[in-house]
Amino acid sequence: MSDKAFSTRAIREHWWQSSANEHSQALFLTSSYTFNSAEEAADVFAERKKAFSYSRFGNPTVAMFEERLNHLEGGARCVAASTGMSAITALCMAFLEQGDHVVCARNCFGSTLVLFRQIIAKFGVSVSIVDLNDLEQWREACTAKTKLLFVETPANPLLDIADLDALAEIARDSGAKLVVDNCFATPYLQRPIEHGADIVIHSATKYIDGQGRAMGGALICRDAEDGDMLYRLLRTIGTTMSAFDAWIFLKSLETLALRMRCHSENALYVAQWLVKQPGIERVYYPGLENHPQHALAKRYMPEGFGGMVSFDVRGGQKAAWALIDRCDWLSISGNLGDARTIITHPDTTTHARVSDEDKAKMGISGATIRLSVGLEDAQDICQDLAKGFPSAS
Ligand SMILES: *Cc1c(COP(=O)(O)O)cnc(C)c1O
């Protein structure tokens, strides 16, 4: 392990140059690679010799991204995927078979819940959905067939924080793997493998890109063997990361620490400002002292609490939509983790496919608004939000 600080490692380590001595990492847009002889080709295909053969199997730009992200998360092997969802799908295909069982927190990204409940269910895998912070429910849900415990923390969209150490213990006791979607925190703010997670999932589309350009995903494994299994699966099913996207993400990793510090500072400022506004019922931000898991957030995310803030307005969906529409330049979008502040109505967009019952249990209502606080000036962001409040207009 390097003795350098995170930001130095994110820029200087796990990079290499081609014979051109380029200073910024090269983009290798090539689908295949050549060999010096027929024998060498045979050796590479038989895996007697390590070399690139075909970009679905491996590409130098993608490999550099995998190594650097792996290094930052503290894993043994990282495998990149075309999107966050393809990473989670690959996880299921690699580690689950008919008859197996998954325990998943209710407060998860909408598509993740649809995948577990509707897609993998078709292949004879059952899922138990539990409350993120009720450890007893996690423990009781585990059976001899349980292979994966899946949690997202901070969770989408109300920023609940999971107790990773406790979940890792439950996973160990039941012989299952703890999988943590670390999308909202990034390895700069939280490193789940240090707390016993077996596999960390990323949607690189979000903060790893950080500027709303490319789509990607990644799986970082504590054990190299798990990483090898995922690698073999992904290269066969083909939902691997494109070299161009990997090149974008590599440049983005260089600014990850800087961006996450600014996102965290801005989000805390906005959250504290929101608390004081009339017409707001409740503000959800792990950095606020009245957040139910503030103590856990401080333990797992000592450097900052991330850029996501949610809040409930008084007056239900009508009031929430009106607030969103009155903002002048905040982007109305479903994405997150962008330099641009994004305002979202989860109930009717990102979580529209989640059942009303689950939404009620998760605490999402028509009154809920999610903010992905960007890198603009925090006071300007508040000023634009202020236009959303009738008293301000
Ligand atoms: C966006 C997101 C995903 C899915 O990632 P894609 O790149 O959109 O496929 C998974 N988990 C979380 C927490 C996300 O925000």
Side-chain angles (χ1 to χ4, degrees), residues 1 5-7 9-10 69 71-75 103-109 130-139 142 149-174 176-202 206-208 220-222 256-257 259-272 275 282-310 336-337 362-363 373:
M1 194 61 179
F6 186 96
S7 46
R9 288 189 282 129
L69 183 61
H71 182 50
L72 297 176
E73 285 283 1
V103 185
C104 177
R106 181 175 286 107
N107 309 39
C108 269
F109 187 68
V130 297
D131 291 338
L132 181 111
N133 283 110
D134 189 337
L135 293 174
E136 213 36 58
Q137 279 190 30
W138 286 91
R139 221 173 268 122
C142 287
L149 269 56
F150 193 100
V151 69
E152 185 181 306
T153 177
N156 191 8
L158 299 184
L159 295 318
D160 316 76
I161 306 291
D163 187 343
L164 292 176
D165 292 318
L167 290 179
E169 194 183 312
I170 295 172
R172 268 196 308 275
D173 289 349
S174 40
K177 291 184 196 302
L178 175 62
V179 183
V180 179
D181 185 331
N182 199 27
C183 175
F184 278 27
T186 80
Y188 176 67
L189 297 176
Q190 171 175 269
R191 287 174 296 281
I193 289 176
E194 290 174 4
H195 296 284
D198 296 290
I199 297 168
V200 170
I201 300 273
H202 274 291
K206 314 295 168 55
Y207 288 104
I208 289 181
I220 302 99
C221 302
R222 159 199 293 283
L256 183 65
R259 289 185 285 107
M260 292 317 291
R261 276 200 294 271
C262 182
H263 280 299
S264 299
E265 272 170 28
N266 278 1
L268 182 62
Y269 185 95
V270 170
Q272 286 170 341
V275 167
R282 190 168 162 192
V283 180
Y284 306 85
Y285 186 64
L288 294 177
E289 270 168 33
N290 69 355
H291 185 283
Q293 296 102 36
H294 180 59
L296 287 179
K298 279 199 294 192
R299 170 155 28 123
Y300 295 116
M301 304 167 72
E303 306 285 335
F305 304 100
M308 302 300 295
V309 178
S310 291
L336 62 97
M362 288 162 80
V373 179

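Positions are given from 1, in the same order as the sequence printed here. Predicted model, so just to flag it, every value in this text is computed and none were measured.
- In this structure, Met362 CE and Asn107 CG are separated by 5.0 Å, a value rounded to the nearest 0.5 Å.
- Val151 is not listed as a side-chain neighbour of Asp181, based on a closest heavy-atom distance of 4.5 Å or more.
- The minimum heavy-atom distance between Phe305 and Ser264, with the atom names listed, is N-OG, 3.7 Å.
- Residues that satisfy the side-chain hydrogen bond (donor to acceptor under 3.5 Å, both in side chains) test with Glu152, not counting sequence neighbours, are absent from this structure.
- In the model, Asp160 has no side-chain atom that pairs as donor or acceptor with a side-chain atom of Gln293 under 3.5 Å.
- Between Gly74 and Ile193 the shortest heavy-atom distance is O-CG2, 3.6 Å.
- Partners of Phe184 under the ring-ring contact (aromatic ring centres under 6.0 Å, His included) rule, at least two apart in sequence or in another chain, do not exist in this structure.
- Within the 4.5 Å cutoff, side-chain heavy atoms of Pro187 are placed close to those of Leu256.
- With sequence neighbours left out, the salt bridge (Lys or Arg N to Asp or Glu O under 4.0 Å) criterion links Glu136 to Arg139.
- Checked against a 6.0 Å centroid threshold, the rings of Tyr285 and His291 do not count as neighbours.
- Separation of atoms OH (Tyr207) and CG (Asn182) is listed at 12.0 Å; rounding is to 0.5 Å.
- No salt bridge links Arg172 with Glu169; every basic N to acidic carboxylate O contact stays at or beyond 4.0 Å.
- Checked against salt bridge (Lys or Arg N to Asp or Glu O under 4.0 Å), Arg299 has the following partners two or more places apart in sequence or in another chain: Asp163, Asp165.
- Leu149 places a side-chain heavy atom less than 4.5 Å from the side chain of Cys142.
- Annotation: side chain of Gln190 is in contact with side chain of Thr153 (closest heavy-atom distance under 4.5 Å).
- With sequence neighbours excluded, the residues satisfying salt bridge (Lys or Arg N to Asp or Glu O under 4.0 Å) with Arg106 are Asp131, Asp358.
- Lys206 is linked by a salt bridge (Lys or Arg N to Asp or Glu O under 4.0 Å) to nothing, counting only residues two or more places apart in sequence or in another chain.
- At least one donor-acceptor pair under 3.5 Å links the side chain of Arg222 to the backbone N or O of Ala197.
- Each of Arg261, Arg259, His263 was evaluated against Tyr188; a single residue qualifies, Arg261, per the side-chain hydrogen bond (donor to acceptor under 3.5 Å, both in side chains) test.
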Trace of the side chain to side chain contact (heavy atoms under 4.5 Å, CB included) decision for Ile201 with Val180: CA-CA 6 Å; Ile201 300 273; Val180 179; over 6 Å; no

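- Considering CG of Leu164 and CG of Leu178, their distance stands at 6.5 Å, rounded to 0.5 Å.
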